[in-house]
Amino acid sequence: MPSGKEMRLRIRSIKNLAQVTKALETVSASKVRKAVQAVSATQPYAEKAWKVLVHLARQPGHAMLHPLLIQREQVKKILVIVISSDRGLAGSYNVNIVRHTLQRFHKSEKPVEYITVGRKGRDMLIRRGCKVMAEFSDIANVPTFADLSTVGRLAINSYLDGNVDEVYVAYTQFRNMIRQEPVIEKLLPMDIEVTGLTHGGMTTHPSTAVFLYEPDETGLLDEIIPRFTALQVYQAVLSAQASEHAARMVSMRNATDSARELGAILQMDYNKARQQAITSEMLDIAGGANALAESMAG
Amino acid sequence: MPIRTEIVSQDRIVFQGEADLVMLPGAEGMMGILPNHAPLLTTLQYGIITVRSKSDEFYFTVAGGIVEVQPDQVTILADAAENVAEIDIARAEAAMQRAEEMLKAGVPQDPDRYLKIQAALRRSTLRIDAARRYTQGRKKRD
């Protein structure tokens, strides 16, 4: 049985702990909101860029043959961009995305290389002997598009150089506060039919008028596809950030609840011990007094 | 018939409104778009976009992008667009100085870094230029 002082210290430290986790929970809640807002701020550009892209890609002639739109017959190597967080204390957030990614790619017959965004994912992949081609960490909280355009560019360059034949992005999609799902999306070669579904199934431009193109269709596709790919990466990171903060919020709430519960149990134990000590002391006094009275009387 | 004009960058809507004339730095040089322009898709260069309506005139710096023109609509997908009235000259000047100093210290080995500094220099030069030219011109006309 620990002494009363030890117990008091323990109770106090647990109460402090609950305060810290409660604070982290509140901070994460506001960060979720910001990240979600940032995701929806990318929507107007994404929708418009998508419309233009599909319009261009569907032009008869050479436009469909753009290198970023062609499925390669032989896939020799795969590149996966894995988005995780720099910091822990987010429950199973990082473990889930890495496990989901490995389930799909670890047993693949083709060699797979990874680009990691976030320190946790990088460490876990390296520990399992995965080849990490590049890593990005210390991503700002709600980064700007410019902060992340390098990631997309790197992927596009590796693809165009022929180093890899397919590019995927693995991230945790934010659905709502309690639901975040690890997902894997194909970035390159861009499949305009499939991507259209995930972007709301937008139709091409209604106008059937003949367009003027400057410089030409291929030149425009050269400009717009890399931008769109970079935007997809950007959106993935923002969504992943929202998920990270939501996961952290939930795990901190659980921590706060358990700390409070534990604090209550300890407080109860302490009170019981204190009461017992007082009772036994009183019994001692009473016993002593009785003995004294008996000896006086006798 | 006014032209519905939208300037969107990757992370926000920069401008939304109606215009009688939109001037922009297209792939083959500056172009002025009037209502009923033929449908057109073009890339953008570094430069300044002017959006003019009867009552007002707005200027934006843009670092490249893509434009879709329809007879009654102009959609600008801009990389890093900014309203000139919002430019903080002091900050842009500081950025330019930083970039110049970095280049003076020697060309960095890393090509990515070199490109970044150059981009920063170009961007800040454009912003300073635009802010000086248009914010002052505007004040005079008021």
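Labels below follow one simple rule: chain letters A, B, ... track the order of the sequence lines, proteins then strands, and each chain is numbered from 1. Note that these values count all heavy atoms, side chains included, but never hydrogens, waters or copies made by symmetry.
- For chain A, the nearby part of B:Ile66 is the side chain; its heavy atoms alone come within less than 4.5 Å.
- Between A:Thr101 and A:Val80 the shortest heavy-atom distance is CG2-CG1, 4.0 Å.
- Contacts between B:Thr43 and chain A at a heavy-atom distance below 4.5 Å involve backbone atoms as well as side-chain atoms.
- For residues 82-92 of chain B, the pairs satisfying side-chain hydrogen bond (donor to acceptor under 3.5 Å, both in side chains) are B:Glu82-B:Arg127, with sequence neighbours left out.
- Contact residues of residues 142-163 of chain A toward chain B are A:Thr144, A:Phe145, A:Thr150, A:Arg153 (heavy-atom distance under 4.5 Å).
- Within the model, atoms CE of B:Met102 and CD of B:Gln97 stand 11.5 Å from one another, a figure rounded to the nearest 0.5 Å.
- Remark: B:Asp11 engages no residue in a salt bridge (charged side-chain N to carboxylate O under 4.0 Å, His left out) (not counting sequence neighbours).
- For the pair A:Lys51 and B:Glu68, the salt-bridge criterion is not met [side-chain N within less than 4.0 Å of a carboxylate O].
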When you look at A:Glu166 and A:Tyr168, which way does the side chain to side chain donor-acceptor pair (under 3.5 Å) test go after all the steps? CA-CA 7 Å; A:Glu166 277 181 348; A:Tyr168 294 85; 3.0 Å; yes

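- Residue contact with chain A, scored on non-hydrogen atoms closer than 4.5 Å, is absent for B:Ala80.
- Using a 4.5 Å cut-off between heavy atoms, B:Val67 does not touch chain A at all.
- Both the backbone and the side chain of B:Leu41 come within contact range of chain A, judged by heavy atoms closer than 4.5 Å.
- Residue A:Ala38 does not touch chain B at all, counting heavy-atom pairs closer than 4.5 Å.
- For the side-chain hydrogen bond (donor to acceptor under 3.5 Å, both in side chains) condition, the pairs that include at least one residue of residues 238-247 of chain A, sequence neighbours left out, are A:Asn141-A:His245, A:Glu244-A:Arg248.
- When all heavy atoms are compared, the tightest approach of A:Pro189 to A:Asp165 is CD-O, 3.8 Å.
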